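Just below is one structure, and these are the notes that go with it.
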Amino acid sequence: MNLDGKRVLITGGHGFLGGYVRDAMARCGADYISPPRREYDLTKSHDTRLLIKNIKPEIVIHLAADVGGIQYNKANPASVIYNNLAMGLNVIEECRRADVAKLVFVSTVCAYPKHCPTPFVESAMFDGYPEETNAPYGIAKRALGVMLDAYHRQHGMASAHLVLANLYGPGDNFDPASSHVIPGMICKMAAARASGARTATLWGSGRPSREFLYVADAASAVLRAAESIGDPSPINIGTGCETTISLLADIIAGETDFDGEINWDTSMPDGQPKRRLDVTQAKARMQWESSTPLVDGIANTVQWFLANRETL
């Protein structure tokens with residue numbers, strides 16, 4: 001599907017990933033619309049129906065989510081599962097009612113089982129329970145993926161289901177109460193460097209591994225899915241590379257010029273032990289691969305943070 005001139009609704013278009021997706025849509029000539037959250041509450045079916053009715057989109061890209069890091073997810077499990085389920089239920093149903101040509105649904109690596117063998121393959125999604133602190137978010141996304149499959153089989157609804165690795169990049173959320181691991185580490189090490197502190201305390205043991213996807217690469221995958229995918233079989237979107245948290249800390253220390261000692265606070269949770277996605281399906285079905293090495297992406301992110309931290 002050529003997106004040039006297509007009317008595209010982006011939910012969550014003013015969020016972290018949303019801004020990059022808007023830019024990607026503009027470059028390909030799409031007529032995209034992304035109303036601010038205050039105009040429509042997607043947890044309410046009436047508001048969601050009104051949004052679809054007013055915009056009349058040909059394609060919907062559902063990015064809106066209630067999500068944060070481990071600290072946020074632990075503090076708000078009920079809100080996380082309710083809000084994500086409610087938004088997804090309403091968006092999928094209203095797309096069906098309005099006969100929207102395609103829905104692109106963005107899910108998360110948190111939907112995979114806690115002890116899933118690496119690399120995670122899409123068929124293993126239901127082979128166990130997610131890591132406990134992320135379970136409300138992951139289970140919500142799992143359920144919505146099942147809903148997409150059911151709507152495809154019963155109603156012939158065209159959709160794409162993307163399972164994203166951990167995102168990072170310029171413009172990320174640097175709020176200590178809700179940030180993910182990369183912006184959280186950048187904040188702590190930059191603050192230690194600025195104050196002359198000789199130690200920086202980070203959560204956990206440093207032993208778990210993660211896969212980190214540069215946000216601009218993720219946006220390019222969303223665009224490719226909108227162009228080329230019409231069935232809701234999940235597709236992993238990532239780099240296929242695994243990085244330990246301790247190695248990540250070393251990379252960020254180098255980029256922030258922090259040469260002190262890292263203190264690992266093992267009283268705090270590690271989260272899921274290991275994460276790495278099998279990205280075979282993304283290459284085969286979408287002809288898509290990530291293009292930004294982790295070191296380059298972190299360098300860009302640190303530079304952006306240092307240039308903008310006074311206004312964050």
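These numbers come from a predicted model, not from an experiment.
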Quiz item: Can you list every salt bridge (Lys or Arg N to Asp or Glu O under 4.0 Å) pair that touches residues 236-251, not counting sequence neighbours?
Solution: E242-K274, E242-R276
Quiz item: Which residue pairs pass the salt bridge (Lys or Arg N to Asp or Glu O under 4.0 Å) test when at least one of the two sits in residues 12-39, sequence neighbours left out?
Solution: R7-D31
Self-check item: Residues in salt bridge (Lys or Arg N to Asp or Glu O under 4.0 Å) contact with D149, at least two apart in sequence or another chain
Solution: R153
Exercise. Scan side-chain atoms only and decide if S291 and E289 contain a donor-acceptor pair under the 3.5 Å cut-off.
Key: no
Self-check item: Under 3.5 Å donor-acceptor, K102 side chain and I229 backbone
Solution: yes
Quiz prompt | Partners passing salt bridge (Lys or Arg N to Asp or Glu O under 4.0 Å) against E261 (at least two apart in sequence or in another chain) | solution = none
Self-check item: R285: partners by salt bridge (Lys or Arg N to Asp or Glu O under 4.0 Å), with sequence neighbours left out
Solution: D231
Quiz item: In chain order, what residues pass the salt bridge (Lys or Arg N to Asp or Glu O under 4.0 Å) check against E94, with sequence neighbours excluded?
Solution: R49, R97
Can I get a per-line list of side-chain donor-acceptor pairs under 3.5 Å for residues 298-307, giving both atom names and the distance, sequence neighbours left out?
from : atom 1 : to   : atom 2 : distance (Å)
N300 : ND2    : Y214 : OH     : 3.2
N300 : ND2    : D296 : O      : 3.4
T301 : OG1    : G297 : O      : 2.7

Give the table of side-chain donor-acceptor pairs shorter than 3.5 Å for residues 163-175, with sequence neighbours excluded, one pair per line with atom names and distance.
from : atom 1 : to   : atom 2 : distance (Å)
N166 : OD1    : R275 : NH1    : 3.2
N173 : OD1    : D175 : N      : 3.0
N173 : ND2    : S178 : O      : 3.4
N173 : ND2    : S178 : OG     : 2.9
D175 : OD1    : A177 : N      : 3.0

Quiz item: Got a sec, which pairs hit salt bridge (Lys or Arg N to Asp or Glu O under 4.0 Å) with one end in residues 190-207, sequence neighbours left out?
Solution: R198-D259
Practice problem: Apply side chain to side chain donor-acceptor pair (under 3.5 Å) to N73 and N134, showing your working. | Solution: CA-CA 6 Å; N73 292 342; N134 292 310; 3.0 Å; yes
Quiz item: Under the side chain to side chain donor-acceptor pair (under 3.5 Å) test, which residues partner Y32, sequence neighbours left out?
Solution: none
Quiz prompt | salt bridge (Lys or Arg N to Asp or Glu O under 4.0 Å) contacts in which one or both residues fall within residues 209-221, not counting sequence neighbours | solution = none
Quiz item: Which hydrophobic side chains are connected to I70, either touching it within the sub-4.5 Å cutoff or through other members that do?
Solution: W203, M268
